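Fair warning: this is a prediction, and the values are worked out from it, not measured in the lab. Heavy-atom basis, side chains included; hydrogens, waters and symmetry copies ignored.
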Amino acid sequence: MNKIISILAIVLIVVSCSEKKEPIQQSDLELKMNSIAENYVKLVLNIGQYDADFVDAYYGPEEWRANLKSNLLFDSTAYKNLSTKSDELLNELESLGEYKADELETLRFRYLYKQILACKTKIFMLNGVLLPFDEETKAFYDVSAPTHNDEFFQSTISELDKILPGEGDVAKRLNDFKMKFVIPIEKLKDVFEAAIKECRTRTLNHIKLPEEESFKVEYVKDKPWGAYNWYKGNFYSVIEVNTDLPIYIDRAVDLAAHEGYPGHHVYNVLLESNLAKKRNWVEFKVYALFSPQSLIAEGTANYGIDVAFPGDERTEFEKEILFPLAGLDPNDAELYYKVLELQKNFSYSGNEAARNLLDGKWNREQTVSWLQKNALRTKESADKYVSFIEKYRSYVINYNLGMDIVKDYIERNGGTEDSSVKRWELFERLLSTPQTPGGLVK
Ligand SMILES: [Zn+2]
């Protein structure tokens, strides 16, 4: 734990040092960085042998992966090998503090450093070390999430109580009301296709993508997540949508934008196009799930919904196009959107649930019941959410905190004006350059 903190301190020193020294041959730096990047990719693939979730995407040289196995037992030899490799890479990076770097190279340097730190944390954890929740998020995702007490969530529940139809239990009334906005399963495909088409058009109005980019959507069951983008390389994704729980009408745009345009699919396509292909920066051909990159990915995917649909444009589109396609009555839509707006206040509830569960303060049952009481989740939805925490741990902060960090960064630098071209420019830059969460925070 102390080691991580001291390494974080070194990062800051090295980044600040890189500005002061005399320039040395640019190509030398690039050569050394490329070698570190290659070894970083191999390290991520190696770790993936012990936790398959760690490698979320890989489209680098097949021979680097060819002899790797999965579900290997993590023993002391594995620990020694992997932690030595990660230390070597960190040391090599530190030695590059002598070089003069331009802005993009500095971003690359900082990105690699934080990614390798996350690898090192994962190696510690495979070896049985568990960090407290807030330290785990700092080591994996480069930030810590704020805390919220029960009163914060209960005040939103009081607001919902005032506007929801009927009387009595608010959770039941919320659930009954929302059931009117569930997309019938047989209409899912049409509704999603319309949402994807709209999100794609809006994105292409501002961001140029390679002509061959595409993805396919598959509907699946029995997963702990709501949807998943599996990026395959060559500008192609497979997006899986889980139909275990009811899918409400607003989720169509959520998922189309988050997983597709201008979210995960576009993020991966731009990294591949601008960094992996044009610059041959091989570290972008692998995606380590438990790493700072995920906060950028989830944060941009969530904030991208607002970038693509500023102001009332989203509700207008849903009411005019998606409600009829789903066979839903748009008459109650206004109240539905008010309810959704209030429900956004629950976004940090998952962080509280995860913090208390993972820090051992609550057991599973207590966590499920807390989510039912303070985020008005149904038992089924709370159970599903806790399964997600059990599998992905502190990853949950990436959605809400990630979105707030990206939103704050873009509004701070580009203003809040809905139609601002600057917003799209900043957003595209976040999607196509090596970014770290710490680098976006004021
Ligand atoms: Zn996502």
Apply the test salt bridge (Lys or Arg N to Asp or Glu O under 4.0 Å) to residues E411 and K407: give CA-CA distance (whole Å), side-chain angles for both, the deciding distance (0.1 Å), then the verdict.
-> CA-CA 6 Å; E411 289 182 354; K407 179 178 192 290; 3.4 Å; yes
Begin with the C-alpha distance, continue with both residues' side-chain angles, and end with the deciding distance and a verdict on side chain to side chain contact (heavy atoms under 4.5 Å, CB included) for N345 and F153.
-> CA-CA 7 Å; N345 294 339; F153 302 110; 5.9 Å; no
Applying side chain to side chain contact (heavy atoms under 4.5 Å, CB included), run through Y385 and V396 and close with a yes or a no.
-> CA-CA 10 Å; Y385 193 78; V396 292; 3.4 Å; yes
K42 vs E38, salt bridge (Lys or Arg N to Asp or Glu O under 4.0 Å): CA-CA, chis, key distance, verdict | CA-CA 6 Å; K42 289 174 178 169; E38 178 177 330; 2.8 Å; yes
Start with the C-alpha distance between Y111 and E283, add both sets of side-chain angles, then the distance that settles side chain to side chain donor-acceptor pair (under 3.5 Å), and finish with yes or no.
-> CA-CA 10 Å; Y111 171 87; E283 67 270 35; over 6 Å; no
Step by step, work out the side chain to side chain contact (heavy atoms under 4.5 Å, CB included) result for D176 and K172.
-> CA-CA 6 Å; D176 289 349; K172 183 173 182 317; 2.8 Å; yes
Might you work through the salt bridge (Lys or Arg N to Asp or Glu O under 4.0 Å) test for E30 and R279, ending with a clear yes or no?
-> CA-CA 10 Å; E30 180 125 35; R279 291 181 176 268; 5.6 Å; no
Would you please test S237 and W230 for side chain to side chain contact (heavy atoms under 4.5 Å, CB included) and show each step?
-> CA-CA 6 Å; S237 297; W230 304 100; over 6 Å; no
Quick one: do K189 and E193 satisfy salt bridge (Lys or Arg N to Asp or Glu O under 4.0 Å)? Show the steps, please.
-> CA-CA 6 Å; K189 194 166 175 285; E193 275 174 10; 3.1 Å; yes
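Minimum interatomic distance between I296 and T436 (heavy atoms only, all atoms of both residues): CD1-C, 3.9 Å. L29 approaches A101 most closely through the heavy-atom pair CD2-CB, 4.0 Å. V182 and P246 make their closest contact through CG2-CB, 3.8 Å (heavy atoms, listed as atom of the first residue, atom of the second, distance).
Note that CG of N242 is 7.5 Å distant from NZ of K221, once rounded to the nearest 0.5 Å. Taken to the nearest 0.5 Å, the CD1 atom of I389 stands 6.5 Å off from the CG atom of L358. A distance of 8.0 Å separates CD of E380 from CG of D383, quoted to the nearest 0.5 Å.
Remark: the backbone N or O of L289 is paired with a side-chain donor or acceptor of S294 at under 3.5 angstrom. Judged by distance alone, the side chain of N149 and the main-chain N or O of F152 form a donor-acceptor pair under 3.5 Å. Side-chain N or O atoms of E272 include one that pairs as donor or acceptor with a backbone N or O of F235 at under 3.5 Å. When atom types are taken as modelled, the side chain of N398 and the backbone of Y395 share a donor-acceptor pair closer than 3.5 angstrom. Looking at Y59, its side chain never comes within 3.5 Å of a backbone N or O of E62 through a donor-acceptor pair. The backbone N or O of Y409 lies less than 3.5 Å from a partner atom in the side chain of N413, making a donor-acceptor pair. Put simply, the side chain of N356 gets close to the backbone of E352: a donor and an acceptor are under 3.5 Å apart. Under a 3.5 Å cut-off, the side chain of N274 and the backbone N or O of L270 do form a donor-acceptor pair. Of the possible polar contacts, none joining the E136 side chain to the L130 backbone as a donor-acceptor pair under 3.5 Å is found. Here the side chain of S291 pairs no donor or acceptor atom with the backbone of Y287 at under 3.5 angstrom.
Side-chain rings of Y231 and F215 stay apart, their centers remaining 6.0 Å or farther from each other.
Using a 4.0 Å cut-off between charged side-chain N and carboxylate O, K338 and E334 make no salt bridge. Residues K138 and E135 are not paired through a salt bridge, judged by the lack of any N-O separation under 4.0 Å between the basic side chain and the carboxylate. D244 has a carboxylate O that lies under 4.0 Å from a charged side-chain N of K384, or vice versa, which qualifies the two as a salt bridge. The existence of a salt bridge linking R202 and E198 is confirmed by a sub-4.0 Å separation between a basic side-chain nitrogen and an acidic carboxylate oxygen. Salt bridge absent: D329 and K180 never bring a charged side-chain N and a carboxylate O closer than 4.0 Å.
Residues passing the side-chain contact (heavy atoms from CB on, under 4.5 Å) test with D134 are S144, R355, sequence neighbours excluded.
Residue pairs meeting the ring pair (Phe, Tyr, Trp, His ring centres under 6.0 Å) criterion with at least one member in residues 346-365, sequence neighbours excluded: H148-Y348, W362-W370.
Side-chain N/O atoms of Y303 and R423 include a donor and acceptor closer than 3.5 Å. For Y99 and E105, the side-chain atoms include no donor-acceptor pair closer than 3.5 Å. A donor-acceptor contact closer than 3.5 angstrom links the side chains of N351 and N400. In the model, Q115 has a side-chain atom that pairs as donor or acceptor with a side-chain atom of Y40 under 3.5 Å.
In this structure, K187 places its NZ atom where more than 12 heavy-atom neighbours from other residues, nucleotides or ligands lie under 6.0 Å away. Counting non-hydrogen atoms of other residues, nucleotides and ligands closer than 6.0 Å to CD of E212 gives a total above 12. Under a cut-off of 6.0 angstrom, the local environment of NZ in K277 is crowded, with over 12 non-hydrogen atoms contributed by other residues, nucleotides or ligands. Shown here is E211, whose CD atom has no more than 12 heavy atoms of other residues, nucleotides or ligands within 6.0 Å.
Between Y392 and F290, the ring-plane angle classifies as tilted under the 30° and 60° cut-offs.
Y336 does not carry K178 over the face of its six-membered ring by the limits of under 6.0 Å from the centre and within 45° of the normal.
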Taking distance alone, no hydrogens or angles, what donor-acceptor pairs closer than 3.5 Å link side-chain atoms of residues 253-264 to residues at least two apart or in another chain?
| unit_1 | atom_1 | unit_2 | atom_2 | d |
| --- | --- | --- | --- | --- |
| D254 | OD1 | R314 | NH1 | 3.3 |
| D254 | OD1 | R314 | NH2 | 3.3 |
| H258 | ND1 | N302 | OD1 | 2.7 |
| H258 | NE2 | H264 | NE2 | 3.0 |
| H258 | NE2 | E298 | OE1 | 2.9 |
| E259 | OE1 | N229 | N | 3.1 |
| Y261 | OH | R200 | NE | 3.2 |
| Y261 | OH | E213 | OE1 | 2.9 |
| Y261 | OH | E213 | OE2 | 3.4 |
| H264 | NE2 | E298 | OE1 | 3.0 |

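A 4.5 Å side-chain heavy-atom check between D332 and P165 finds every atom pair outside the cut-off. Between H265 and Y236, the closest side-chain pair of non-hydrogen atoms is not below 4.5 Å. Counting heavy atoms from C-beta outward, L271 and L431 have side chains that stay 4.5 Å or more apart.
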